[in-house]
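What's counted below: heavy atoms across the whole structure, side chains too, no hydrogens, waters or symmetry copies. We name chains A, B, ... by the order of the sequence lines, and we start the count at 1 in each one. If you're wondering where the values come from, they're calculated on a predicted model, not measured in any experiment.
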Amino acid sequence: MSVKQIITSMSALALVSPSIAVAAGGESSGGLPQLDLATWPNQLLWLLVTFTILYILMSRVVTPRINAVIEDRAEKISGDLAKAREADENAKAMQTQYEQALADARADASDKAREATQAANAKAAASEAELAKKLAKKIATAETKLAGMRDDALANLNDVATEAAQDAVKQLIGMKATKAEVSKHVKAAAKAANA
Amino acid sequence: MHSPVEQFTIKTLFAFQLLGFDIAFTNSALFMVLAVVLSTALLVYAMRPAAMVPGRLQNVAEMMFEFVADMVRSNVGSEGRRFFPFIFSVFIFVLFTNMLGLIPYSYTVTSQIVVTFAMAAFIFIGVTLVGLFKHGFHFFSFFVPSGAPKVLIPFLVVIEVISYFVRPVSLSVRLFANMLAGHTMLKVFAGLAVMLTSAGGVFMGISVLPLLAIIGLTGLEILVAGLQAYVFTILTCMYLNDALHLH
């Protein structure tokens, strides 16, 4: 095969153009086999037969099968997603419920604690007041008693002083002073001393 | 030495005649049948576990399905659901015939303009009928661009009509030309490698270069095979969308 022959055959690429093809077809072996009209009916017949069979197989067997699998999968995925969403919602509801319960319990507990403190405080205050009252009463009694005793003691003291003064007067001047007289002086002296 | 386009020759494998019609089983027919059998077998086998969590093969099948389903959803909308099996079949057929064609010594069904044009014409006529059935006479408003000055409308209608009828041509030629060019290029480089090797001496060493080019081109052609299946399918979706929703 010469270089010239190769170049000639490469020009077959351009044989799409009918005029060149017809010219080439005139030669014994150089023409495009595609333009050999005698082979066309046969090719058309087999194309019709094979493509019809292919179409029947694809439309009846192949595409329904693939479609069924893909649709099943899409259904399963969307179903699973819905289930997951539902579970998620349930979990969220449970969480809010739990949080609510926790908050309620906390509020309840703090209420109870406050109530208990208040009750204890009131009780303590009451018993304190009672005790104070009792103590005040006791103090008052003791004070009256003490005052009485002091008065008694003071009264006795006057008597003793009067007697002592009477005795002293008797001893000193030999005169007997009446009890009433002396007592008057003693009382005045006592008053002056106390003043 | 063969011509680089000889690989596209239709060869009869088993000759049959039915009522005077030639229904010979050819290399082209063999690879159409193989594409149908292999794609169906692969998809059915891959989906056999029907697992909730897909394995590797099931994932491949589901990805192909989702790929086309997304294309229909985003380009046609919910009304496209009815046409999904057909569009999926188109994608699978083009993808498998393109890919099988890349196996050495195999045959590329989509490198035949008659095959790609027949598919494109079927799609074109089908889509036009869908539009006519859905919108009736109103369908022809598709050819009148909205908001254009009244004086220009006759010219614009002509342009729109031409561009509409060019659709099956561009759809089929795009796929056919890509396959033709790719496979021819591979063959040219292969022929070059053989020629250099047979020349001997220094040329034998140089023959490594076209071989490396073939490796790169094969990768490119795998990309093109997938890409053209995608382009063919998405254009089908767009044409269908135009027919269903006008614009």
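Heavy atoms of A:Thr39 lying under 4.5 Å from chain B belong exclusively to its side chain. Residue contact with chain B, scored on non-hydrogen atoms closer than 4.5 Å, involves the side chain of A:Ile70 exclusively.
Among A:Ile66, A:Leu48, A:Val69, the residue making the largest number of heavy-atom pairs under 4.5 Å with chain B is A:Ile66.
Distance check, rounded to the nearest 0.5 Å: OG1 of B:Thr97 to CZ of A:Phe51 gives 10.0 Å. Note that OG1 of B:Thr9 is 9.5 Å distant from CG of A:Leu32, once rounded to the nearest 0.5 Å. We find the CD1-OG1 distance between B:Ile87 and A:Thr63 to be 12.0 Å, quoted to the nearest 0.5 Å. Taken to the nearest 0.5 Å, the CZ atom of B:Phe88 stands 10.5 Å off from the CG atom of A:Asn67. Atom OG of B:Ser89 is separated from atom CD1 of A:Ile53 by 12.5 Å, given to the nearest 0.5 angstrom.
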Please evaluate residues A:Leu47 and B:Phe93 with respect to the criterion side-chain contact (heavy atoms from CB on, under 4.5 Å), reporting the C-alpha separation (whole Å), side-chain torsions for both, the decisive distance (0.1 Å), and the verdict. CA-CA 10 Å; A:Leu47 175 65; B:Phe93 189 82; 3.6 Å; yes

Could you go through A:Gln34 and B:Gln112, starting from their C-alpha distance and side-chain angles, then the distance that decides it, and tell me whether this counts as side chain to side chain donor-acceptor pair (under 3.5 Å)? CA-CA 5 Å; A:Gln34 280 89 339; B:Gln112 287 279 345; 4.9 Å; no

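Of all heavy-atom pairs between A:Arg65 and B:Met47, the closest is O-CE, 4.4 Å. Between B:Pro85 and A:Tyr55, the closest heavy-atom pair is C-CE1, 3.8 Å.
Put simply, the side chain of B:Ser28 does not reach to within 4.5 Å of the side chain of A:Trp46, judged on heavy atoms.
Among residues two or more places apart in sequence or in another chain, the side-chain contact (heavy atoms from CB on, under 4.5 Å) test is passed with B:Thr40 by A:Leu54, A:Leu57, A:Met58, A:Val62, B:Val36, B:Val44.
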